[in-house]
Amino acid sequence: MDFTFDVFAKTRGFFKAYLEELSLAQLNAIPNGFNNNIIWNIGHSIVTEQILVYKLSGLKPNVSAAIIEKYKKGTKPDGKATQEEVNEFKVLVFKTIEHTKADFGSKVFSNFHEYTLSTTGNTLTNVNQAIQFALIHEGMHAGYILALLRALKV
């Protein structure tokens, strides 16, 4: 899993750079033809990893319930993310994945509730699969962010 966590760190590095380099207006902008924005894609990626890995393992996620509610599957951005949220995500992009890596190494994930993915129909049966799928999911959203950047002409 070292490779998987290394790729996570690199993807999260891109996310942090966007959070630091783009204005709040750019992060919140929803271009014509799109149904979400850059900040939502970043928040959704963080939340999804926490849900897939921690919640499905019966453990408490390392993000607040409020963030989970705002960015979980099925939500849409309101275009009103605050600078405080941006600042929180700047910390969470690395803190969450580092925590997951440490917990994985300490074998904290002893239980897992199977979950069938709505996107592919595959069923996650263990935390290894959840972590690997979370990375795939994050890669899809990283690509979506690139499309948003192009649409915003950033």
Side-chain angles (χ1 to χ4, degrees), residues 1-22 24 27-28 34-78 80-149:
M1 291 295 258
D2 287 340
F3 177 82
T4 299
F5 285 114
D6 183 53
V7 176
F8 259 120
K10 287 182 174 59
T11 304
R12 297 290 178 99
F14 292 126
F15 290 172
K16 186 165 186 193
Y18 302 141
L19 292 169
E20 291 176 341
E21 295 168 10
L22 299 174
L24 185 58
L27 291 168
N28 273 306
F34 290 82
N35 61 5
N36 58 40
N37 55 27
I38 293 169
I39 190 73
W40 184 88
N41 279 276
I42 293 170
H44 176 70
S45 294
I46 293 168
V47 163
T48 299
E49 182 268 328
Q50 290 291 294
I51 290 171
L52 291 174
V53 177
Y54 284 88
K55 276 198 159 193
L56 291 178
S57 294
L59 301 171
K60 184 179 181 298
N62 298 296
V63 297
S64 71
I67 288 178
I68 290 174
E69 282 304 307
K70 187 170 181 177
Y71 292 95
K72 69 182 180 182
K73 177 183 169 184
T75 62
K76 293 184 179 187
D78 59 10
K80 298 176 184 173
T82 65
Q83 188 60 50
E84 289 76 25
E85 284 177 88
V86 173
N87 294 342
E88 186 171 9
F89 287 153
K90 285 179 186 179
V91 173
L92 290 175
V93 290
F94 287 121
K95 185 177 180 183
T96 51
I97 205 63
E98 289 167 357
H99 199 264
T100 301
K101 182 179 180 180
D103 283 348
F104 183 80
S106 298
K107 303 194 183 323
V108 168
F109 305 107
S110 57
N111 296 313
F112 192 83
H113 305 288
E114 288 188 2
Y115 177 75
T116 300
L117 302 164
S118 60
T119 52
T120 65
N122 296 87
T123 299
L124 302 175
T125 61
N126 60 60
V127 75
N128 291 42
Q129 293 173 348
I131 292 169
Q132 291 169 356
F133 182 76
L135 181 58
I136 292 167
H137 175 265
E138 199 157 293
M140 292 188 304
H141 284 278
Y144 205 79
I145 289 169
L146 293 175
L148 285 161
L149 289 167

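The shown structure was predicted, so the numbers you read here are calculated from the model rather than taken from an experiment. In this chain, numbering begins with 1 at the start of the sequence shown. Just so you know, these numbers use all the heavy atoms, side chains as well, and skip hydrogens, waters and symmetry mates.
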Closest heavy-atom pair and its distance - L124, A130: CD1-CA, 4.0 Å
With side chain to side chain donor-acceptor pair (under 3.5 Å) as the criterion, how do E49 and T100 come out once you've worked through the C-alpha distance, each side chain's angles and the decisive distance to 0.1 Å? CA-CA 9 Å; E49 182 268 328; T100 301; 2.6 Å; yes
Give me each pair satisfying salt bridge (charged side-chain N to carboxylate O under 4.0 Å, His left out) with a member in residues 119-147, each pair once, sequence neighbours excluded. R12-E138
Distance from I46 atom CD1 to I97 atom CD1, nearest 0.5 Å? 9.5 Å
side-chain contact (heavy atoms from CB on, under 4.5 Å) partners for T116, two or more places apart: T123
How far does CD of Q129 sit from CG of L117, to the nearest 0.5 angstrom? 9.0 Å
Could you walk me through whether I51 and T48 satisfy the side chain to side chain contact (heavy atoms under 4.5 Å, CB included) test, starting with their C-alpha distance in whole Å, then the side-chain angles of each, then the deciding distance to 0.1 Å, before giving a yes or no? CA-CA 5 Å; I51 290 171; T48 299; 5.7 Å; no
Salt bridge (Lys or Arg N to Asp or Glu O under 4.0 Å) partners for K101, two or more places apart: none
How far apart are the C-alpha atoms of L22 and I39, what are their side-chain angles, what is the distance that settles it, and do they pass the side chain to side chain contact (heavy atoms under 4.5 Å, CB included) test? CA-CA 10 Å; L22 299 174; I39 190 73; over 6 Å; no
Residue pair F112 / N126: nearest heavy atoms and the distance that separates them: CD2-N, 3.5 Å
Just wondering, do H137 and H44 contact through their side chains at under 4.5 Å, heavy atoms? yes
Salt bridge (charged side-chain N to carboxylate O under 4.0 Å, His left out) partners of residues 106-131, not counting sequence neighbours, each pair once: none
Across all chains, not counting sequence neighbours, the side-chain contact (heavy atoms from CB on, under 4.5 Å) partners of L24 are N28, Q83, V86
How long is the straight-line distance from CD of Q50 back to OG of S45, given to the nearest 0.5 Å? 12.0 Å
Please report the interatomic distance CH2(W40) to OH(Y144), rounded to the nearest 0.5 Å. 8.5 Å
Results of salt bridge (Lys or Arg N to Asp or Glu O under 4.0 Å) for K72 - residues two or more places apart only: E69
Check the angle between the aromatic planes of F5 and F104 and answer parallel, tilted or perpendicular using the 30° and 60° thresholds. tilted
Starting at CD1 of I67, measure out to CG of N62 and round the result to the nearest 0.5 Å. 11.5 Å
Residues in side-chain hydrogen bond (donor to acceptor under 3.5 Å, both in side chains) with T4, at least two apart? none
E20: which residues meet the salt bridge (Lys or Arg N to Asp or Glu O under 4.0 Å) condition with it, sequence neighbours left out? K16
So, taking the atom named OG1 in T82 and the one named CG in L27, what distance separates them when rounded to the nearest 0.5 Å? 11.0 Å
Taking side-chain hydrogen bond (donor to acceptor under 3.5 Å, both in side chains) as the test, write out the residues that go with K73, two or more places apart. S118
Smallest heavy-atom separation, H113 atom then G58 atom, equals CD2-N, 4.2 Å
Under a 3.5 Å distance rule, please check whether S57 uses its side chain to pair with a backbone N or O of L59 as donor and acceptor. no
Only counting residues at least two apart or in another chain, list the ones meeting side-chain hydrogen bond (donor to acceptor under 3.5 Å, both in side chains) with N41. N36, H141
Counting only heavy atoms from other residues, nucleotides and ligands, does the tally under 6.0 Å from NZ of K90 exceed 12? yes
Side chain proximity check, M1 to I131, heavy atoms < 4.5 angstrom: yes
So F14 and Y18, would you call those rings parallel, tilted or perpendicular, with 30° and 60° as cut-offs? parallel
Quick check, are the ring centers of F89 and F15 under 6.0 angstrom apart? no
Under the salt bridge (Lys or Arg N to Asp or Glu O under 4.0 Å) rule, collect the residues that match up with E85, sequence neighbours excluded. K70
Closest approach of I38 to L148 (non-hydrogen atoms, all atoms of both residues): N-CD1, 3.7 Å
Sequence neighbours excluded, the answer for ring pair (Phe, Tyr, Trp, His ring centres under 6.0 Å) partners of Y54 is F109
